[in-house]
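No hydrogens, no waters, no symmetry mates; every other heavy atom, side chains included, goes into these values. What you see is a predicted model; the values in this text were computed from it and never measured.
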Amino acid sequence: VQLQASGGGLVQAGGSLRLSCAASGRIFTINAMGWYRQAPGKQRELVASITNGGFTNYADSVKGRFIISRDDAENTVSLQMNNLKPEDTGVYYCNVKGAASNSGSRYPFNSWGQGTLVTVSS
């Protein structure tokens, strides 16, 4: 299963960006979808996630500013980022977990997107 992310860029503090990620391949079902980020010199951290039941989880630092959503018909996950701060700068990665099918067999997958750079200037 492959993921294609888009939507990063340069924005001033207080601005907004929307990230999108589309999954493709022999997808049987998608369970959790999420966004992670890695700032320079720091470890990758969870930003937000959403289950197939619609349950969402956010890092404390983005609560009230970011909104994660998914479209199961299109196999996409999006992250609406509002009131961006310089500390939100980093490479954002989408992640999708689920089950794929191949010749009648099913197997779990845990796929990562290629990363998209978000830069917030002060």
Side-chain angles (χ1 to χ4, degrees):
V1 175
Q2 299 79 39
L3 304 185
Q4 181 66 47
S6 61
L10 173 64
V11 65
Q12 288 188 332
S16 298
L17 281 175
R18 183 176 179 86
L19 306 182
S20 294
C21 178
S24 62
R26 297 178 181 270
I27 299 169
F28 177 74
T29 187
I30 291 178
N31 300 325
M33 309 179 87
W35 289 93
Y36 291 71
R37 70 185 177 194
Q38 187 164 18
K42 295 188 176 181
Q43 290 187 332
R44 190 176 299 188
E45 63 174 354
L46 174 67
V47 176
S49 64
I50 183 168
T51 68
N52 54 2
F55 178 81
T56 57
N57 182 44
Y58 294 94
D60 288 342
S61 60
V62 307
K63 284 181 180 177
R65 299 188 297 122
F66 291 11
I67 300 172
I68 189 170
S69 60
R70 59 189 282 170
D71 183 336
D72 290 332
E74 299 292 332
N75 291 333
T76 60
V77 58
S78 298
L79 186 68
Q80 177 65 40
M81 305 186 293
N82 302 318
N83 190 21
L84 283 159
K85 303 176 180 181
E87 52 264 41
D88 294 319
T89 293
V91 178
Y92 284 68
Y93 299 89
C94 58
N95 174 256
V96 176
K97 300 180 180 65
S101 63
N102 187 13
S103 302
S105 299
R106 297 172 192 167
Y107 56 92
F109 70 87
N110 182 4
S111 295
W112 291 88
Q114 79 278 19
T116 184
L117 178 63
V118 172
T119 304
V120 184
S121 63
S122 58

- prompt: To which residues is Phe28 joined in a hydrophobic cluster, defined by side-chain heavy-atom contacts under 4.5 Å among Ile, Leu, Val, Met, Phe, Trp and Tyr, whether direct or through other members?
  reply: none
message: Please give me the minimum heavy-atom distance between Thr89 and Ala39, naming the atom from each residue.
response: O-CB, 3.7 Å
message: With salt bridge (Lys or Arg N to Asp or Glu O under 4.0 Å) as the rule and sequence neighbours excluded, what pairs involving residues 104-122 come up?
response: none
query: Under the side-chain hydrogen bond (donor to acceptor under 3.5 Å, both in side chains) test, which residues partner Arg18, sequence neighbours left out?
result: Gln80
message: Does anything in residues 48-106 form a disulfide (SG to SG under 2.5 Å)? List the pairs, not counting sequence neighbours.
response: Cys21-Cys94
field: Contacts of Asp72 that satisfy salt bridge (Lys or Arg N to Asp or Glu O under 4.0 Å) - sequence neighbours left out
entry: Arg70
task: Please name the pair of heavy atoms, one in Ser16 and one in Asn82, separated by the smallest distance, quoted to 0.1 Å.
output: OG-OD1, 3.1 Å
- prompt: At their closest point, which heavy atom of Ser69 faces which heavy atom of Ile50, and how far apart are they?
  reply: CA-CD1, 4.3 Å
task: Could you tell me the separation between the CG atom of Leu79 and the CE atom of Met33, rounded to the nearest 0.5 Å?
output: 12.0 Å
statement: In short, Asn83 meets Arg65 closest at the heavy-atom pair O-NH1, 2.9 Å
task: Check whether any side-chain heavy atom of Met81 sits under 4.5 Å from a side-chain heavy atom of Val118, and report yes or no.
output: yes
query: Excluding sequence neighbours, so at least two apart, what forms side-chain hydrogen bond (donor to acceptor under 3.5 Å, both in side chains) with Asp60?
result: Lys63
From Ile68 atom CD1 to Ser49 atom OG, the distance as rounded to the nearest 0.5 Å: 6.0 Å
message: Val11: which residues meet the side chain to side chain contact (heavy atoms under 4.5 Å, CB included) condition with it, sequence neighbours left out?
response: Leu17, Leu84, Val120
query: Quick check: does any side chain N or O of Gln114 sit under 3.5 Å from a backbone N or O of Ala5, one acting as donor and the other as acceptor?
result: yes
- line: To the nearest 0.5 Å, atom CD1 of Ile27 lies from atom CG of Asn75 at 4.0 Å
message: On a heavy-atom basis, which atom in Ser122 and which in Ala13 lie closest, and how many Å separate them?
response: CA-CB, 4.3 Å
- prompt: Quick one: do Leu19 and Leu46 end up in the same hydrophobic cluster if we chain Ile, Leu, Val, Met, Phe, Trp and Tyr together by side-chain heavy atoms under 4.5 Å apart?
  reply: no
- prompt: At what distance, to the nearest 0.5 angstrom, does OG of Ser101 lie from CZ of Arg26?
  reply: 7.0 Å
task: Quick one: list whatever passes side-chain hydrogen bond (donor to acceptor under 3.5 Å, both in side chains) with Asn95, sequence neighbours left out.
output: Lys97, Asn110
- line: All heavy atoms of Val47 vs all of Val62, minimum pair found to be O-CG2, 3.6 Å
- request: Provide the full list of disulfide (SG to SG under 2.5 Å) pairs with a residue in residues 45-92, sequence neighbours left out, each pair given once.
  value: none
query: Pairs in or reaching into residues 103-122: which pass ring pair (Phe, Tyr, Trp, His ring centres under 6.0 Å), with residues at least two apart or in two chains?
result: Tyr36-Trp112
task: Hey, could you give me each pair passing ring pair (Phe, Tyr, Trp, His ring centres under 6.0 Å) that has a residue in residues 57-96? Not counting sequence neighbours.
output: none
field: Thr119 OG1 to Leu10 CG distance, which is reported to the nearest 0.5 Å
entry: 6.0 Å
task: Could you pull out all residues at least two apart from Glu45 that satisfy side-chain hydrogen bond (donor to acceptor under 3.5 Å, both in side chains)?
output: Arg37
